[in-house]
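What follows is one structure encoded as structure tokens, with my remarks underneath.
Note that the structure is predicted; figures quoted are calculated from it, not measured. All residue numbers refer to positions in the sequence shown, counting from 1.
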Amino acid sequence: MTTMATQGAWLRMATVSSSPAKSVSKLTVTSTELGFLTSQLSGVRISHGPSDVINRISLPTFPGLQPIVARRICPFTGKKANRANKVSFSNHKTKKLQFVNLQYKKVWWEAGKRFVKLRLSTKALKTIEKNGLDAVAKKAGIDLRKK
């Protein structure tokens, strides 16, 4: 017996066989495809393959990877936001964040003979002017060749 769930481009027909001795709920589906669902009530198999709409719409998700977001942290000094209290005139305290003064800056890299665009704090900028970009990047463990 051949059944069809609906007349859509994404659903396929399945061959369902049932023996007269078995009840209706125990239907077996003969298939060589992977990834199918079997309805216990009607014996209809709905399959999805690599060309289905499900795979075209949804993007693959990787549990270990996070989306790329520019964090408010200096890669050279490790400075990050500070939790502080905002104190009103009546001495009522509410929590607030004091963010790092991060700036986008093009810094000349002498060893690479080019400019490197960095997002760094003003404290790191003063440190780079004092000690040099190579020394500060080496201490922070940053590879400037990638940028």
Side-chain angles (χ1 to χ4, degrees), residues 1-17 25-147:
M1 169 170 102
T2 303
T3 60
M4 188 170 67
T6 184
Q7 298 220 355
W10 319 129
L11 299 177
R12 296 191 182 97
M13 294 179 67
T15 305
V16 180
S17 64
S25 64
K26 293 185 178 180
L27 296 175
T28 59
V29 177
T30 58
S31 173
T32 59
E33 294 182 41
L34 295 177
F36 60 86
L37 302 170
T38 305
S39 172
Q40 293 295 324
L41 299 175
S42 63
V44 176
R45 183 186 61 120
I46 303 171
S47 65
H48 56 87
S51 65
D52 289 342
V53 72
I54 297 169
N55 292 334
R56 280 186 266 152
I57 292 174
S58 63
L59 295 173
T61 57
F62 301 103
L65 298 178
Q66 296 292 327
I68 299 172
V69 178
R71 295 178 58 201
R72 292 177 175 147
I73 186 168
C74 178
F76 291 97
T77 60
K79 285 179 169 279
K80 56 185 176 180
N82 181 38
R83 297 233 0 158
N85 283 325
K86 181 178 172 183
V87 182
S88 66
F89 179 74
S90 63
N91 206 22
H92 180 75
K93 296 176 180 72
T94 56
K95 297 288 184 184
K96 73 171 188 174
L97 285 176
Q98 296 172 338
F99 294 113
V100 182
N101 187 8
L102 291 176
Q103 305 293 325
Y104 286 100
K105 183 77 178 166
K106 280 198 226 175
V107 181
W108 178 254
W109 181 32
E110 189 61 39
K113 302 290 187 206
R114 64 182 176 99
F115 281 97
V116 181
K117 188 174 183 181
L118 301 170
R119 186 179 190 213
L120 51 115
S121 65
T122 52
K123 175 73 174 178
L125 189 59
K126 287 174 70 175
T127 307
I128 287 171
E129 288 176 1
K130 181 180 177 184
N131 299 332
L133 181 61
D134 284 326
V136 176
K138 184 178 180 183
K139 185 176 180 182
I142 296 173
D143 187 13
L144 296 173
R145 291 177 288 164
K146 295 178 184 177
K147 299 185 179 194

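- When all heavy atoms of P75 and I142 are compared, the pair lying nearest together is O-CD1, 3.5 Å.
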Scan the side chains in residues 118-132 for donor-acceptor partners under 3.5 Å anywhere in the protein, sequence neighbours excluded, and list what turns up.
residue, atom, partner, partner atom, Å
R119, NH1, R71, O, 3.0
S121, OG, A124, N, 3.2
T127, OG1, K123, O, 2.9

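- Atom-to-atom distance recorded for L133:CG and K138:NZ is 13.5 Å, nearest 0.5 angstrom.
- Residues D134 and A111 come closest through the heavy atom pair OD2-CB, 3.7 Å.
- The two residues V100 and A81 make their nearest non-hydrogen contact at CG2-N, 4.1 Å.
- Within the 4.5 Å cutoff, the side chain of R145 has heavy atoms near those of the W109 side chain.
- A salt bridge (Lys or Arg N to Asp or Glu O under 4.0 Å) check over residues 77-104, counting only residues at least two apart or in different chains, returns nothing.
- Under the rule for a salt bridge (Lys or Arg N to Asp or Glu O under 4.0 Å), the partners of K113 that lie at least two apart in sequence or sit in another chain are E110.
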